[in-house]
Amino acid sequence: MTFNIGNQQAGVVNNVAGNQTIHGGQHGALVLDVERGRMLLADLRRQVAGASLPDGDRTAALGDIDACERALDGDEPDARSLGSRLGAVAQVVVTAGAVVSAGTGIGAALAAIAAWLGPVGNSIRRMLPG
């Protein structure tokens with residue numbers, strides 16, 4: 001039997017062709033590549049700084065990006081906190097009308113960060129238009 005599995009993002013994924021018995025439960029952990037996160041945040045910062053946003057919205061979004069960068073300085077980045085802050089950035093730019101699509105500019109930067117965050121980034125993905 002052959003089956004193909006596309007992209008999966010979850011705490012624990014089991015692909016089993018047959019029976020599986022698990023003792024003691026399953027636990028997953030999201031491990032973030034901090035350097036990749038820094039690169040993605042730098043791109044998002046450039047996109048937000050260059051976008052046609054009202055000054056207050058730009059300031060708020062850049063402040064949340066600053067908080068995300070600081071969160072990456074610790075020993076273990078808190079993915080949920082990062083997701084929340086990045087969700088705030090997405091909300092600001094989407095409400096201000098700066099995101100045209102998930103494939104360009106700020107939308108592309110947010111989509112890349114959402115992918116980096118894995119399942120935590122789902123809320124960001126849902127905010128992005130087509």
Side-chain angles (χ1 to χ4, degrees):
M1 173 188 286
T2 301
F3 56 94
N4 296 310
I5 299 169
N7 185 15
Q8 295 184 4
Q9 297 182 0
V12 175
V13 176
N14 294 306
N15 296 314
V16 179
N19 297 327
Q20 178 179 20
T21 303
I22 299 169
H23 300 281
Q26 293 184 335
H27 308 280
L30 177 62
V31 179
L32 297 175
D33 177 348
V34 173
E35 289 309 310
R36 173 87 174 128
R38 288 187 197 290
M39 289 175 17
L40 293 170
L41 287 170
D43 181 42
L44 180 60
R45 176 180 294 288
R46 281 190 298 277
Q47 296 295 331
V48 168
S52 295
L53 290 170
D55 288 340
D57 291 338
R58 178 181 292 101
T59 300
L62 291 173
D64 283 321
I65 294 169
D66 288 343
C68 290
E69 289 171 337
R70 285 190 303 274
L72 291 177
D73 290 338
D75 292 336
E76 288 188 35
D78 180 352
R80 293 203 185 284
S81 175
L82 286 165
S84 175
R85 288 289 193 158
L86 290 164
V89 173
Q91 186 65 46
V92 166
V93 297
V94 168
T95 300
V99 175
V100 175
S101 77
T104 61
I106 294 173
L110 284 168
I113 289 174
W116 171 69
L117 285 171
V120 175
N122 287 341
S123 62
I124 297 167
R125 277 189 283 280
R126 285 191 295 272
M127 284 187 228
L128 300 176

Salt-bridge test for Arg58 and Asp55: reply yes if a basic N is under 4.0 Å from a carboxylate O, no otherwise. yes
In this structure, CD1 of Ile113 is separated from CG of Leu44 (nearest 0.5 Å) by 4.5 Å
Scan the side chains in residues 82-93 for donor-acceptor partners under 3.5 Å anywhere in the protein, sequence neighbours excluded, and list what turns up.
unit_1, atom_1, unit_2, atom_2, d
Arg85, NH1, Asp64, OD1, 2.7
Gln91, NE2, Thr95, OG1, 2.9

Residues Ala96 and Asp57: closest non-hydrogen pair is CB-OD2, 3.7 Å
Heavy-atom nearest pair, Gly121 first then Ala114, reads O-CB, 3.5 Å
For Leu40 and Ala112, the nearest pair of non-hydrogen atoms, with its separation, is CD2-CB, 3.7 Å
Value for CD1 (Ile106) from CG (Leu53), rounded to nearest 0.5 Å, stands at 5.5 Å
Between Arg38 and the options Asp33, Asp43, Asp73, the side-chain hydrogen bond (donor to acceptor under 3.5 Å, both in side chains) test singles out Asp73
Just wondering, do Val94 and Leu110 contact through their side chains at under 4.5 Å, heavy atoms?
no
inquiry  = Let me check something: do Leu41 and Val34 share a hydrophobic cluster, defined by ILVMFWY side-chain heavy atoms less than 4.5 Å apart, either directly or through other members?
reply    = yes
Contacts of Arg45 meeting side-chain hydrogen bond (donor to acceptor under 3.5 Å, both in side chains) (sequence neighbours excluded), chain-then-number -> Asp66, Glu69
